[in-house]
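Below is one structure, written out as structure tokens, with a few remarks after it.
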Amino acid sequence: MRFLPLFFDLTHGPVMLVGMGPQALAKLRILKAAGALVRWHVLSHDDVEVDETEGVDLRIGLPTSEDFLGAVALVASAGAATDQRLAGQARAMNLPVNIVDRPDLSTFIFPSIVDRGDVVVAIGTGGTSPVLARRLREKIEEVLPERIGEFAGLMGRYRERLNALRHRGFSTRQFWERVIDGPIGALFLSGRSAKAEAALIIEVDRAGLGSPQQGHVQIVGAGPGDPDLLTLKAFHALQSADIVLTDDLVSSAILARVRRDAEIVHVGKRKGQPGIGQDAINSRLIAEAKAGRNVVRLKGGDPFIFGRGGEECQALEAAGVTVTIVPGITAALGCAAEAGLPLTFRKESTRLSIITANTAAGAENIDWSGLADRSTTVAIYMGLTAAASVRDGLVAAGRDPQTPVAVLARGTRPDSRSVTGTLSRLPALAAAAGEGPALIVVGDVVAHSRAWKEAVELLEMAA
Ligand SMILES: C[S@@+](CC[C@H](N)C(=O)[O-])C[C@H]1O[C@@H](n2cnc3c(N)ncnc32)[C@H](O)[C@@H]1O
């Protein structure tokens with residue numbers, strides 16, 4: 001590392017900028033954005049546009065020795081010979097100097113910047129590759145929440161009050177970690193800043209009274225299996241967890257993205273073994289949060305679609321534990337995308353019903369009457385072993401036995417398989433798809449899927 005990243009307050013004296021052209025103008029914009037007092041040396045008035053000079057001390061001609069006195073930095077892009085001479089002058093006066101694109105003549109360089117107000121990320125490559133720095137900046141821009149700078153500002157306003165509690169052994173680090181990773185952070189970053197500040201004030205007051213800090217629970221949807229289908233929010237939750245209570249549906253590739261030091265507890269049914277049961281899960285979630293831990297309850301797909309997220313939410317709220325929900329890509333969306341299967345289709349398929357075949361009364365007692373209409377696509381969860389009942393129920397309700405169907409097994413995972421055919425053959429298709437989890441899709445939209453078209457091509461080749 002040749003250049004140490006430091007944050008420079010440029011508001012206390014003039015920064016000399018020498019030169020014109022796009023590079024000098026780019027530096028002018030950055031310096032102005034940082035609130036610098038810019039003294040801009042150009043060769044003539046004709047070289048500059050009026051709006052560029054706003055708020056700038058414009059000087060005609062190169063800087064004299066007197067101009068160097070009192071300046072806080074020099075930035076130049078004025079041609080090789082002039083730049084070299086200016087750099088020598090600045091160095092002789094111990095003045096920080098940046099010659100554009102000449103790290104060898106510079107004592108500081110401009111990093112690529114992600115600017116979110118109070119939060120600024122600087123990326124440097126030691127002047128070797130500004131293009132690489134820009135690429136990295138784009139990647140950071142993507143993952144950095146839009147309101148992160150305002151969020152830092154909010155925390156800054158309460159920092160002193162919290163610091164005053166340090167003498168009592170109060171951990172400000174833990175406090176702010178919980179604010180950032182917990183519901184207050186989630187509220188603020190999702191745009192509900194007033195509500196977030198109200199919640200923060202309550203927490204600051206509680207801390208002042210010496211009340212113990214409480215953890216919180218995030219119920220997180222892990223998506224159907226492909227770890228790249230995790231949302232950024234889900235990824236952040238996994239990275240901030242102290243403990244993760246996970247269902248069996250969650251793939252090992254996703255669990256590999258959990259923070260390394262976090263405890264992972266499997267609470268779902270696993271390979272024929274019963275899980276610990278819903279009541280025990282609720283009690284554990286409550287106990288862990290009350291012990292002050294950041295708890296993630298991780299579920300396949302989306303927590304609010306056949307995921308019992310609603311029940312867990314109620315139990316936690318009843319126990320006074322704060323809870324946030326992080327949605328996930330539900331199996332129907334993930335599997336359909338993978339199979340190239342549009343779940344609706346203009347004019348043809350205008351309704352999507354998401355149902356489960358795993359009801360207390362059994363699949364044979366489901367009321368299928370509302371799902372017989374041709375314009376309805378039916379996505380059936382937990383229907384693999386009840387495929388015969390699904391077919392019988394839909395056909396009895398009036399659905400055409402020739403309706404296209406797809407069985408999408410282990411969707412978005414490396415061993416995924418899609419099998420297509422008609423409703424009359426659903427049990428055989430389910431058997432051909434192999435092990436679950438699997439989703440059944442019934443409707444004309446299936447004929448538009450890649451999986452269907454590939455099967456037709458194979459039949460034609462065999463004929
Ligand atoms: C208890 S439900 C959970 C649903 C989950 N909350 C969701 O939003 O996808 C389990 C059922 O979801 C469906 N499912 C989940 N993951 C799947 C996958 N990767 N491929 C196909 N179906 C899946 C299957 O029908 C499975 O029996």
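What you see is a predicted model; the values in this text were computed from it and never measured. Just follow the structure's listing: the first ligand is 1, and inside any ligand the first atom is 1.
Between the side chains of S416 and E338, at least one donor N or O lies within less than 3.5 Å of an accepting N or O. Counting only N and O atoms by type, the side chains of D367 and S369 include a donor and acceptor under 3.5 Å apart.
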Under 3.5 Å, sequence neighbours excluded: what are the donor-acceptor pairs made by side chains of residues 148-164?
from, atom 1, to, atom 2, distance (Å)
R157, NH2, E197, OE1, 3.3
Y158, OH, E197, OE2, 2.6
R161, NH2, D205, OD1, 2.9

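Ordered by chain and residue number, the residues placing a heavy atom less than 4.0 Å from ligand 1 are P224, L249, G300, G301, D302, I305, F306, T330, A331, C335, Y381, M382, L408, R410, G411, R413, P437, A438, L439.
Taking the side chain as every heavy atom from C-beta outward, N282 and E311 never approach each other to under 4.5 Å.
For the pair E312 and K299, the salt-bridge criterion is met [side-chain N within less than 4.0 Å of a carboxylate O].
Checked against a 6.0 Å centroid threshold, the rings of F110 and F108 count as neighbours.
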